[in-house]
Amino acid sequence: MIAEIHGKISATGSNLSDRLEDNLTGDIFGSLRYLPFDLGIGPILSAAQIPELSELIEKVGLHICQVSFWPYHPLGELDVRMDFDNAVIGIEVKYQSPLSSDDDADYSNGTDEESEKVSVNQLYRESKIVRELAGPDKKAFLILVACDSECESIVSDVKARNLIENGVELGRISWQEILLILEKQQSSDPLHNCILGDMVALLKRKGFERFHGFDSLMTAICADGYFSYQYNQDLWSHLFAEPLIDGGSYY
């Protein structure tokens with residue numbers, strides 16, 4: 001619904017598919033708006049690998065003011081913008097797709113001035129957006145949400161190349177981690193539990209459930225149970241029959 005309201009889905013739904021990340025963004029982060037901060041958005045932000053943000057949430061607290069989706073900016077488009085009294089958080093969402101733009105820019109050896117950095121890298125541009133929106137009085141954070149297989153590598157590469165704007169902390173959290181967090185949340189409000197249950201079901205439907213080992217697939221065997229096995233003579237004979245190989249044929 002959120003994606004359609006913002007024109008990310010055509011009126012006829014012709015561009016709607018199981019892999020449309022804008023739709024997934026609206027479904028999850030749109031639903032999170034209807035939950036108390038400490039039941040949804042709070043635990044997810046705390047797990048985004050940004051110590052300063054985790055400390056801010058734990059010690060100072062964040063008072064949410066507004067959540068906006070795909071706000072326009074000349075430098076690019078954040079998927080989600082969260083404005084707080086003391087911080088601005090930009091969220092970039094990826095779902096089975098790479099960054100929309102990148103180049104070979106590398107400032108790991110430093111530059112004389114921050115203004116000398118020029119890159120089309122998507123996270124670099126979005127870090128400039130968040131820094132501008134935060135202004136001088138608020139903390140600025142940028143968080144990448146992606147699959148396990150790509151989330152860490154994308155962030156590590158951008159940090160290694162020193163592309164993120166000064167004053168912006170870059171973090172990451174995978175869809176798989178978000179699923180685990182939401183599965184643990186419980187509320188005394190049935191409506192909140194219903195929203196949580198819907199998000200968990202959607203993320204599982206998308207295939208974000210991690211493999212928990214073969215033990216989770218094993219069926220318990222009852223010691224007092226009765227098991228029978230049948231011997232199939234025809235199948236056994238077929239499996240061990242001498243193969244008919246034609247020396248002049250191709251295999």
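Quick note: numbers below take in every heavy atom, side chains included, and nothing from hydrogens, waters or symmetry partners.
Here Arg210 contributes atom CZ and Gln176 contributes atom CD; the two are 6.0 Å apart, rounded to the nearest 0.5 Å. In this structure, the separation between CG on Leu35 and CD1 on Ile41 is 8.0 Å, given to the nearest 0.5 Å. Note that CG of Leu179 is 6.5 Å distant from CD of Glu209, once rounded to the nearest 0.5 Å. Note: Lys206 NZ to Gln96 CD = 8.5 Å, rounded to the nearest 0.5 Å. The distance from the CD1 atom of Ile28 to the CD1 atom of Ile178 is 7.5 Å, given to the nearest 0.5 Å. With values rounded to the nearest 0.5 angstrom, Ile50 atom CD1 is found 4.5 Å from Ile143 atom CD1.
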Apply side-chain contact (heavy atoms from CB on, under 4.5 Å) to Leu123 and Ile154, showing your working.
CA-CA 9 Å; Leu123 294 182; Ile154 291 175; 3.9 Å; yes
Apply side-chain contact (heavy atoms from CB on, under 4.5 Å) to the pair Asp22 and Asp79, showing each step before the final yes or no.
CA-CA 8 Å; Asp22 289 332; Asp79 287 316; 4.1 Å; yes
Assess the residue pair Asp103 and Arg161 against the criterion (salt bridge (charged side-chain N to carboxylate O under 4.0 Å, His left out)); give the C-alpha distance rounded to whole Å, side-chain angles, the decisive distance to 0.1 Å, and a yes or no.
CA-CA 11 Å; Asp103 53 22; Arg161 292 155 60 191; 3.6 Å; yes
Please lay out, stage by stage, how Ile173 and Ile181 fare under the test side-chain contact (heavy atoms from CB on, under 4.5 Å).
CA-CA 11 Å; Ile173 184 168; Ile181 290 171; 3.9 Å; yes
Val158 vs Asp102, side-chain contact (heavy atoms from CB on, under 4.5 Å): CA-CA, chis, key distance, verdict
CA-CA 10 Å; Val158 170; Asp102 198 2; over 6 Å; no
Tyr124 and Tyr107: ring-ring contact (aromatic ring centres under 6.0 Å, His included), yes or no, with the steps?
CA-CA 12 Å; Tyr124 163 71; Tyr107 299 98; 7.4 Å; no
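The environment of NZ in Lys139 is sparse: at most 12 heavy-atom neighbours from other residues, nucleotides or ligands sit within 6.0 Å.
Side chains of Asp106 and Ser108: a donor on one and an acceptor on the other come within 3.5 Å. Side chain to side chain, Glu132 and His73 meet the donor-acceptor criterion of an N or O pair below 3.5 Å. Glu21 and Ser97 share a side-chain donor-acceptor pair at under 3.5 Å.
Val130 places none of its side-chain heavy atoms less than 4.5 Å from the side chain of Phe141. In this structure, Val80 and Val145 have side chains that are not in contact, with every pair of non-hydrogen atoms separated by 4.5 Å or more. Two residues are said to be in side-chain contact when any heavy atoms from C-beta on lie closer than 4.5 Å; Phe29 and Val93 meet this criterion. The closest side-chain heavy-atom distance from Asp198 to Leu202 is not below 4.5 Å.
Using modelled atom types, no side-chain atom of Ser68 and backbone atom of Pro71 make a donor-acceptor pair closer than 3.5 Å. A donor-acceptor pair under 3.5 Å is absent between the side-chain atoms of Glu77 and the main chain of Tyr72, judged by distance alone. Between the Lys138 side chain and the Phe84 main chain, a donor and an acceptor come within less than 3.5 Å of each other. In this structure a side-chain-to-backbone donor-acceptor pair under 3.5 Å is present from Ser54 to Ser46. The backbone N or O of Met199 sits nowhere less than 3.5 Å from a side-chain atom of Lys204 that would complete a donor-acceptor pair. Remark: the backbone N or O of Val88 is not paired with any side-chain donor or acceptor of Asp83 at under 3.5 angstrom. At distances below 3.5 Å, at least one donor-acceptor pair connects side-chain atoms of Glu177 with backbone N or O atoms of Ser174. Remark: side-chain polar atoms of Ser101 are paired, donor with acceptor, to backbone N or O of Val120 under 3.5 angstrom.
For the pair Leu78 and Arg81, the tightest heavy-atom approach, listed with the atom from each and the gap, is CD1-CB, 4.4 Å. Taking both residues in full, the closest heavy atoms of Ala140 and Arg131 are given as CB-NH1, 3.9 Å, listed atom of the first, atom of the second, then distance. Residue Ser100 comes nearest to Arg125 through the heavy atom pair OG-NH2, 4.0 Å, listed as atom of the first residue, atom of the second, then distance. Considering every non-hydrogen atom in both Leu163 and Ser127, the closest pair reads O-OG, 4.3 Å. Contact record, Gln185 with Leu39: CG-O, 3.3 Å, taken as the closest heavy-atom pair. In this structure, Asn162 and Lys117 approach most closely via the heavy-atom pair O-NZ, 2.6 Å.
Exactly one residue among Glu152, Gln49, Lys94 makes a side chain to side chain contact (heavy atoms under 4.5 Å, CB included) with Leu144. That residue is Lys94.
The aromatic rings of Phe208 and Trp175 sit parallel, their planes meeting at an angle under 30°, below the 60° perpendicular limit.
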